[in-house]
S.K.: 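Handing you a structure now.
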Amino acid sequence: MYSYYNDNTFLYLDGEFRKASSATTDLFGQSLHYGYAVFEGIRAYKTANGSVKIFKAKEHFDRLQRSCELIHIPYKFDNEELIAACYKVLEMNNMEEAYIRPLVFCPPNMTLKGASESRILICAWEWGAYLGEKLLRVMTSSYERPNPKAFKIESKSSGLYVNSILASQEAKAKGYDEALLLDMNGYVAEGPGANIFFEKDGKLYTPPAGNILPGITRATVIELCQELNIPLEEKLFTIAELREAEAVFFCGTAAELIGIDSLDDQHFSKPWATSLGKLLQQAYKARVLEESFEPEVHLV
């Protein structure tokens, strides 16, 4: 089993830096019993000039705050202080490249009332690309994303990830690398922990907000498309339309940007090495490492 900490690991808990091995929480917490918590996944990279940089830290903590507001968890924290705490956690653990996990959670409360107070944890560990480096075999999940009328889909809420665990485990049990979930209307939504894009006829497509978590990596890919003059459209599409794609990829902070080899055992026609996804994968890596990037082929 992967070890996320040891006796020398430090974390940040409610304004204090302490050993992870001695940190405790209450077994009657509302978050533990009901999944009433929100979190972020953030990456830090050693950049081209040798400095350690947390990628889009402000955007992540702004979303953390927004997630809390959407599901009525009090957020009395200062985001600039939390970002500084992230850098301190990295420094105390001698980490140059790491995955950072802020978690806002709730104290003991066995009722279903909204929380009146909250606590915050920031921890970090070394973690490679979540879905690996190889192209993925993906299957259409039998699970759907929840109805947006039943949940605040834009909130990165802990409880919602039971849906992700079920879908991902189903795929792995059947020999696939990952799942793809549809929304309640049968349109493609996203992976268990990543957004999806597909390429066809020199253009990229991705599902619009509404039934997905509008990811920060997704937003970065959209920014890169604008900079590289890659046509992009946010639209609803079906599995049948996706199967006609030339190339497909997932993106997310944990997964970064990773190509999909096949969907339900059907391969895509375009070699990944010549796809827009591969170009964006290289551009994304250059962006997070703060390296200059000049595409070999200029797109118009």
Side-chain angles (χ1 to χ4, degrees), residues 1-2 32-39 41 67 70-71 129-200 204-215 217-218 221 234-270 272 277:
M1 180 178 291
Y2 191 88
L32 177 62
H33 286 261
Y34 303 130
Y36 192 36
V38 304
F39 69 95
S67 292
L70 285 169
I71 64 171
Y130 176 66
L131 295 173
E133 304 291 345
K134 296 181 180 179
L135 299 182
L136 305 175
R137 294 181 64 240
V138 174
M139 64 161 275
T140 304
S141 180
S142 66
Y143 295 96
E144 296 178 347
R145 273 300 189 222
N147 184 335
K149 292 184 178 180
F151 204 91
K152 295 293 187 181
I153 299 297
E154 290 188 23
S155 174
K156 196 171 176 67
S157 305
S158 298
L160 183 59
Y161 277 75
V162 175
N163 173 255
S164 297
I165 291 171
L166 291 171
S168 191
Q169 179 57 35
E170 176 189 45
K172 290 176 172 60
K174 293 184 177 181
Y176 294 88
D177 298 311
E178 191 55 291
L180 175 64
L181 295 96
L182 308 183
D183 65 25
M184 59 174 290
N185 297 312
Y187 292 108
V188 173
E190 57 191 337
N195 295 119
I196 189 167
F197 288 75
F198 79 85
E199 174 184 350
K200 188 173 182 182
L204 286 181
Y205 300 88
T206 193
N211 291 296
I212 65 169
L213 179 73
T217 306
R218 174 183 179 273
V221 169
E234 297 179 64
K235 59 167 280 186
L236 297 172
F237 54 89
T238 65
I239 280 290
E241 290 176 85
L242 186 58
R243 289 196 179 110
E244 295 177 356
E246 297 167 7
V248 184
F249 63 88
F250 277 143
C251 70
T253 297
E256 299 181 302
L257 198 155
I258 183 68
I260 296 176
D261 177 65
S262 63
L263 174 64
D264 301 324
D265 297 318
Q266 177 183 315
H267 295 270
F268 298 104
S269 61
K270 195 167 198 176
W272 174 247

S.K.: Once rounded to the nearest 0.5 Å, what's the spacing between atom OG of Ser141 and atom CD of Gln169?
M.R.: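 It comes to 11.5 Å.
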S.K.: For residues 204-215, please give each side-chain donor-acceptor pair under 3.5 Å, one per line with the distance, not counting sequence neighbours.
M.R.:
residue : atom : partner : partner atom : Å
Thr206  : OG1  : Ile196  : O            : 2.6
Asn211  : ND2  : Asp183  : OD2          : 3.3

S.K.: Partners of Glu246 by salt bridge (charged side-chain N to carboxylate O under 4.0 Å, His left out), sequence neighbours excluded?
M.R.: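 With sequence neighbours excluded, Glu246 shows a salt bridge (charged side-chain N to carboxylate O under 4.0 Å, His left out) to no residue whatsoever.
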S.K.: Taking the side chain as every heavy atom from C-beta outward, state whether Pro148 and Met184 have any atom pair closer than 4.5 Å.
M.R.: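 Sidechains of Met184 and Pro148: in contact.
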S.K.: For Glu234, what residues pass the salt bridge (charged side-chain N to carboxylate O under 4.0 Å, His left out) criterion, not counting sequence neighbours?
M.R.: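 Testing Glu234 for salt bridge (charged side-chain N to carboxylate O under 4.0 Å, His left out), a comparison that skips the adjacent residues, returns Arg218.
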S.K.: Shortest non-hydrogen contact from Ala179 to Val138?
M.R.: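 What the structure gives for the nearest pair is C-CG1, 3.9 Å.
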S.K.: Within this structure, what is the CG-CD1 distance for the pair Leu131 and Ile258, rounded to the nearest 0.5 Å?
M.R.: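 Spacing of CG (Leu131) from CD1 (Ile258) equals 7.0 Å.
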S.K.: Just jot down the salt bridge (charged side-chain N to carboxylate O under 4.0 Å, His left out) partners of Asp264, sequence neighbours excluded, or say none.
M.R.: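 Asp264 satisfies salt bridge (charged side-chain N to carboxylate O under 4.0 Å, His left out) with Arg243 only.
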S.K.: Ser164: which residues meet the side chain to side chain donor-acceptor pair (under 3.5 Å) condition with it, sequence neighbours left out?
M.R.: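 By the side chain to side chain donor-acceptor pair (under 3.5 Å) rule, Ser164 matches Arg145.
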S.K.: Are the side chain of Asp177 and the backbone N or O of Arg137 linked by a donor-acceptor pair below 3.5 Å?
M.R.: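 Between the backbone of Arg137 and the side chain of Asp177 there is a qualifying donor-acceptor contact (under 3.5 Å).
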S.K.: Heavy atoms only: give me the nearest Leu181-Pro192 pair and the separation to one decimal.
M.R.: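 So the two residues come closest at CD1-N, 3.6 Å.
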S.K.: What residues, two or more places apart in sequence or in another chain, satisfy side chain to side chain contact (heavy atoms under 4.5 Å, CB included) together with Lys174?
M.R.: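 Partners of Lys174 by the side chain to side chain contact (heavy atoms under 4.5 Å, CB included) criterion, ordered by chain and then number, come out as Met139, Glu170, Tyr176.
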S.K.: Who pairs with Thr217 by side chain to side chain contact (heavy atoms under 4.5 Å, CB included), at least two apart in sequence or on another chain?
M.R.: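 Listed in chain order: Cys251, Thr253, Tyr284.
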S.K.: My understanding is that only residues two or more places apart in sequence, or in another chain, count here; which of them pass salt bridge (charged side-chain N to carboxylate O under 4.0 Å, His left out) with Lys200?
M.R.: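 Once residues adjacent in sequence are excluded, the partners of Lys200 under the salt bridge (charged side-chain N to carboxylate O under 4.0 Å, His left out) criterion are Glu244.
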S.K.: Do side-chain atoms of Glu241 reach the backbone of Thr238 as a donor and acceptor pair under 3.5 angstrom?
M.R.: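 Here the side-chain-to-backbone pair exists.
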S.K.: Taking Asn195 for its side chain and Gly252 for its backbone only, find out whether a donor-acceptor pair lies under 3.5 Å.
M.R.: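 Not confirmed, Asn195 side chain does not pair with Gly252 backbone.
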S.K.: Please indicate whether Lys172 has more than 12 foreign heavy atoms, meaning atoms of other residues, nucleotides or ligands, lying under 6.0 Å from its NZ.
M.R.: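 Atom NZ in Lys172 is packed in, count exceeds 12.
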S.K.: According to side chain to side chain contact (heavy atoms under 4.5 Å, CB included), who are the partners of Ser158, at least two apart in sequence or on a separate chain?
M.R.: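 For Ser158, the residues satisfying side chain to side chain contact (heavy atoms under 4.5 Å, CB included) (neighbours in sequence not counted) are Ala37, Phe39, Leu103.
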S.K.: Please name the pair of heavy atoms, one in Ala255 and one in Ala129, separated by the smallest distance, quoted to 0.1 Å.
M.R.: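 Residues Ala255 and Ala129, closest heavy atoms: O-CB, 4.2 Å.
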S.K.: Of the non-hydrogen atoms in Tyr143 and Leu166, which two are nearest, and what is the gap between them?
M.R.: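 Here Tyr143 and Leu166 meet closest at CE1-O, 3.7 Å.
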S.K.: Quick one: ring-ring contact (aromatic ring centres under 6.0 Å, His included) pairs with a partner in residues 234-267, sequence neighbours left out?
M.R.: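 Qualifying pairs, neighbours excluded: Phe197-Phe249, Phe198-Phe237.
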S.K.: Enter the distance from Phe268:CZ to Asp261:CG here, rounded to the nearest 0.5 Å.
M.R.: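 Interatomic distance, Phe268 CZ to Asp261 CG, rounded to 0.5 Å: 8.5 Å.
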S.K.: Excluding sequence neighbours, so at least two apart, what forms ring pair (Phe, Tyr, Trp, His ring centres under 6.0 Å) with Tyr130?
M.R.: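 Tyr130 satisfies ring pair (Phe, Tyr, Trp, His ring centres under 6.0 Å) with Trp127 only.
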S.K.: Applying side chain to side chain contact (heavy atoms under 4.5 Å, CB included), name anything that partners Ile71, two or more places apart in sequence or on another chain.
M.R.: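 Applying side chain to side chain contact (heavy atoms under 4.5 Å, CB included) to Ile71 gives Tyr36, Val38, Ile73, Lys152, Ser155, Ser157.
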